[in-house]
Amino acid sequence: MSEHSWCTDDERRHAAGIPQTVQFATEPCLAEEMIGAALDAGITASWVTGDEAYGQDPQLWAALEPRGIGYVLAVACSTRVRINHGRIPARADVLAQRLPATAWQRHSAGPGTKARATTTGPGSTSAATPTAIC
């Protein structure tokens, strides 16, 4: 059964009270709409984060960049990203492996429900390995 099948079942939509004007949208598409609406309403944000479901959608990146919003979106290791001002495509895992250990930093993302969340990224002196981002 496809993820769209529920959305095209008029009987189920009617029973659930979903208007015909509401259409299927992926999580990244919904995020783009919500972030845009928040920014347009005057809510400020310097950056956004997301897991691989959001990182695999280049339209989300493209919507954030012209607004000057920084982002950290997880991507599959095989994802080709553009470096050197967009001139050179390279695999994310290859780029990560090429960084020296001193290029990684561990930063707290604040307390979570299970533990204190940390992120690892370029600039660190922690013991984390670059392949941990994949």
Side-chain angles (χ1 to χ4, degrees):
M1 182 180 273
S2 97
E3 63 185 9
H4 302 278
S5 64
W6 202 96
C7 296
T8 59
D9 185 332
D10 289 337
E11 226 175 273
R12 287 180 81 181
R13 288 175 60 96
H14 179 72
I18 300 171
Q20 288 296 323
T21 57
V22 174
Q23 299 298 314
F24 174 82
T26 64
E27 286 184 35
C29 181
L30 293 172
E32 179 184 338
E33 289 178 17
M34 289 188 287
I35 292 166
L39 295 172
D40 291 345
I43 297 171
T44 59
S46 299
W47 51 273
V48 298
T49 63
D51 64 18
E52 195 174 320
Y54 301 93
Q56 71 182 353
D57 188 339
Q59 289 180 336
L60 181 56
W61 313 344
L64 295 170
E65 289 176 357
R67 290 177 173 268
I69 303 296
Y71 56 89
V72 177
L73 302 171
V75 296
C77 292
S78 60
T79 299
R80 296 184 70 77
V81 295
R82 296 187 95 44
I83 60 172
N84 294 335
H85 303 286
R87 292 188 305 266
I88 301 170
R91 281 180 54 119
D93 58 345
V94 172
L95 292 174
Q97 290 170 354
R98 289 183 180 169
L99 293 171
T102 57
W104 296 89
Q105 291 182 16
R106 186 168 294 255
H107 296 278
S108 171
T113 58
K114 297 185 175 114
R116 188 160 191 84
T118 59
T119 59
T120 303
S124 173
T125 57
S126 73
T129 60
T131 55
I133 64 167
C134 296

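These numbers come from a predicted model, not from an experiment.
- With a 4.5 Å cut-off on side-chain heavy atoms, Arg12 and Ile18 do not count as touching.
- Within a 6.0 Å sphere centred on CD of Glu65, heavy atoms belonging to other residues, nucleotides or ligands number more than 12.
- The hydrophobic cluster containing Tyr54 also contains Ile69, counting ILVMFWY residues as joined when their side-chain heavy atoms lie under 4.5 angstrom apart, directly or transitively.
- Rounding to the nearest 0.5 Å places CG of Asp10 at 8.0 Å from OG1 of Thr8.
- Side-chain contact check for Asp40 versus Arg67: some heavy-atom pair is nearer than 4.5 Å.
- How far CG of Leu73 is from CH2 of Trp47: 11.0 Å, rounded to the nearest 0.5 Å.
- Considering every non-hydrogen atom in both Arg82 and Pro89, the closest pair reads NH1-CB, 3.2 Å.
- Smallest separation of non-hydrogen atoms from Ala92 and Ala76: CB-O, 4.2 Å.
- Side-chain contact check for Tyr71 versus Ile35: every heavy-atom pair is 4.5 Å or farther apart.
- Leu95 and Ile88 fall within a single hydrophobic cluster, where Ile, Leu, Val, Met, Phe, Trp and Tyr side chains are chained together by heavy-atom contacts under 4.5 Å.
- When atom types are taken as modelled, the side chain of Arg13 and the backbone of Pro19 share a donor-acceptor pair closer than 3.5 angstrom.
- Taking OG1 of Thr26 as the start and CD of Gln59 as the end, the distance is 8.0 Å to the nearest 0.5 Å.
- Residues Trp61 and Leu39 share a hydrophobic cluster, clusters being chains of Ile/Leu/Val/Met/Phe/Trp/Tyr side chains in contact below 4.5 Å.
- Residues Pro28 and Ala53 approach most closely at CG-O, 3.1 Å, considering heavy atoms.
- Going from atom CG of Leu60 over to atom CD of Glu33 covers 11.5 Å, rounded to the nearest 0.5 Å.
- Residues Glu52 and Thr79 fail the side-chain proximity criterion, which asks for heavy atoms closer than 4.5 Å.
- Closest heavy-atom contact between Asp93 and Cys77: OD1-O, 3.0 Å.
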